[in-house]
Amino acid sequence: MKFLGMAVSAAFVLTLSAPVAEAAPKYVGVDGCKCHKSEIADWERSAHARTMDLLQPGKKASKKKNAGLEPDKDYGSDSKCLKCHTTGYEKDGGYSGAASTPKMSGVGCEMCHGPGSEYRALHKEKTTEFTRAEASAAGQLYGSLDPEVCNSCHKHKDNPFRNDKFDVQEALKNNRAYHTLYPLEGKH
Ligand code: HEC
Ligand code: HEC
Ligand code: HEC
């Protein structure tokens, strides 16, 4: 019964090599990334930090009108808008209201980089000596490599202002958008 023996050992190998289940990454907010001072300073000045303002009544009134929205309506607690104008909306650790989670207002680091809790643990354990595969397994995203990171908001059908000409590589050059890019120092 050689055939059966092979099937059994293949199943055994698969079990052994299956990755240990990672804890699901949680959102930690910009404060959870506070070692990255220059990125935080840039981001605080950026358009992504202020995306909640756009939901206020009267803001961008004529553009809202043209997009079929109500210019005088307060969209600040509208779930249809919050998923792209906050950080981790309705996810573990993410935005759940202006009063309870003020620091999760706006499109924070984790909307482009992925929820941070597991990444922080990896970073702490291995400083910068970890691989991109390890970071990805911990929930990190790479917008410069995967256009879907940005397009999931910018080209999503529910975005009333979506611009189908939005091009990630072009957008990455816009220094009002997020932060100056420095070459990655670590292997990650
Ligand atoms: C799927 C993600 C997504 C959703 C849902 C979303 N937005 Fe946005 N919003 C964006 C993005 C991305 C931009 C930046 C413009 C662009 O698409 O390039 C934006 C821009 C805006 C702007 C600025 C437009 C301009 O031209 O200056 C306003 C105002 C706005 N959104 C309001 C809203 C309101 C109100 C809602 C809910 C009814 C909403 N958004 C829902 C992603 C979204
Ligand atoms: C709009 C998206 C976006 C936001 C918001 C954002 N980043 Fe980034 N960041 C990127 C991209 C894209 C890169 C290039 C590497 C990659 O593809 O992830 C990058 C790279 C980095 C790097 C690697 C070194 C460097 O500067 O090139 C660090 C560190 C970093 N970001 C920290 C942060 C922190 C901290 C915040 C929040 C304060 C933040 N980022 C917010 C998109 C973003
Ligand atoms: C969670 C949703 C979301 C994600 C993810 C996201 N964005 Fe945005 N982005 C927005 C919103 C909302 C605005 C509107 C800000 C405004 O008009 O003030 C915006 C604005 C911008 C702008 C216009 C800035 C300006 O005022 O000139 C650029 C450029 C941009 N994003 C690039 C990117 C890139 C590049 C990525 C991926 C690395 C990315 N965005 C990921 C939601 C998102």
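Order of appearance sets the numbers: ligands from 1, and atoms from 1 within every ligand. Numbering of residues begins at 1 and proceeds along the displayed sequence.
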- Counting from 1 in the order shown, the ligand 2 atoms closer than 4.0 Å to a non-hydrogen atom of L172 are 12 (C)
- Message: Which atom name does H113 have for its N/O/S atom nearest to atom 8 (Fe) of ligand 2?
- Response: NE2
- What are the atoms of ligand 1, with element, lying closer than 4.0 Å to any heavy atom of R162? 17 (O)
- Query: Parallel, tilted or perpendicular: which fits the ring planes of Y119 and F130, with parallel below 30° and perpendicular above 60°?
  - Reply: perpendicular
- Item | Selected option - heavy-atom contact closest to atom 36 (C) of ligand 2, from S144, C109, A47 | C109
- Task: Just go through Y75, F166, F161 and tell me whose heavy atom is the nearest to atom 32 (C) of ligand 1.
- Result: F161
- Message: Could you tell me, atom by atom, which parts of ligand 1 come under 4.0 Å of a heavy atom of H156?
- Response: 1 (C)
- Backbone or side-chain N/O/S of C153 under 2.8 Å of atom 8 (Fe) of ligand 1: no
- Going by distance only, is there an N or O of H179 that falls short of 3.5 Å from an N or O of ligand 2? yes
- Ion pair D72/K64, N-O distance below 4.0 Å: no
- Query: Polar-atom distance check: E39 versus ligand 2, any N or O pair below 3.5 Å?
  - Reply: yes
- Message: Using a 3.5 Å cut-off on N or O atoms only, is G143 in polar contact with ligand 2?
- Response: yes
- Enumerated ligand 3 atoms positioned under 4.0 Å from heavy atoms of H85: 12 (C)
- Message: Closer than 4.0 Å to some heavy atom of L54 - which atoms of ligand 3 meet that?
- Response: 14 (C), 15 (C), 16 (C), 17 (O), 18 (O)
- Query: Quick one: which of V107, D164, N159, L82 has a heavy atom closest to atom 42 (C) of ligand 1?
  - Reply: N159
- Are side-chain heavy atoms of N151 and H156 found at a separation under 4.5 Å? no
- Query: Who gets closest to atom 4 (C) of ligand 1 by heavy atom: S62, S152, C84, P71?
  - Reply: C84
- Message: Show me which atoms of ligand 3 lie under 4.0 Å from any heavy atom of T51.
- Response: 11 (C), 12 (C), 13 (C), 15 (C)
- Task: Check ligand 2 against H36 and write out every atom of the ligand that is under 4.0 Å from a heavy-atom position of the residue.
- Result: 29 (C), 35 (C)
- Message: So for ligand 2, is H48 a polar contact partner (N or O within less than 3.5 Å, distance only)?
- Response: no
- Query: Between Y142 and Q140, is a side chain to side chain contact (heavy atoms under 4.5 Å, CB included) present by the stated rule, with each step listed?
  - Reply: CA-CA 7 Å; Y142 292 91; Q140 286 302 281; 4.2 Å; yes
- Task: Specify side chain, backbone, both or neither for V149, according to which of its non-hydrogen atoms lie closer than 4.0 Å to ligand 3.
- Result: backbone
- Task: Measure up the H154 and F166 rings against each other and bin them: parallel (under 30°), tilted (30 to 60°), perpendicular (over 60°).
- Result: parallel
- Query: For ligand 3, which atoms have a heavy atom of H154 less than 4.0 angstrom away?
  - Reply: 6 (C), 7 (N), 8 (Fe), 9 (N), 10 (C), 19 (C), 20 (C), 21 (C), 30 (C), 31 (N), 32 (C), 33 (C), 39 (C), 40 (N), 41 (C), 42 (C), 43 (C)
- Query: Taking side chain as C-beta onward, heavy atoms only, is D92 less than 4.5 Å from Y27?
  - Reply: no
- Query: How does C150 reach ligand 3, if at all, at less than 4.0 Å between non-hydrogen atoms: by side chain, backbone, both, or neither?
  - Reply: both
- With heavy atoms and a 4.0 Å threshold, my read on which part of D78 contacts ligand 1 is neither
- Give a yes/no on ligand 2: does A177 have at least one heavy atom closer than 4.0 angstrom to it? no
- Looking at atom 23 (C) of ligand 3, what's its closest protein heavy atom, distance included? N174 ND2, 4.2 Å
- Taking only non-hydrogen atoms of C33 and a 4.0 Å limit, the atoms of ligand 2 in range are 35 (C)
- Task: Out of K63, Q56, K165, M52, indicate the one that has the non-hydrogen atom closest to atom 26 (O) of ligand 1.
- Result: K63
- Note on the structure: Quick look: M111 vs ligand 3, heavy-atom contacts under 4.0 Å, and the answer is both
- Please walk me through it: do K155 and D164 pass salt bridge (Lys or Arg N to Asp or Glu O under 4.0 Å)? CA-CA 6 Å; K155 285 198 172 171; D164 290 323; 6.0 Å; no
- Does ligand 1 have a heavy atom under 4.0 Å from the side chain of K59, from its backbone, from both, or from neither? neither
- Carefully, step by step, assess K83 and Y95 under the rule side chain to side chain contact (heavy atoms under 4.5 Å, CB included). CA-CA 9 Å; K83 65 175 181 179; Y95 185 88; over 6 Å; no
- Considering the heavy atoms of C81, write down every atom of ligand 1 situated less than 4.0 Å from one of them. 34 (C), 35 (C), 36 (C), 37 (C), 38 (C), 39 (C), 41 (C)
- Residue K64 vicinity, atoms of ligand 1 by number, heavy atom under 4.0 Å: 29 (C)
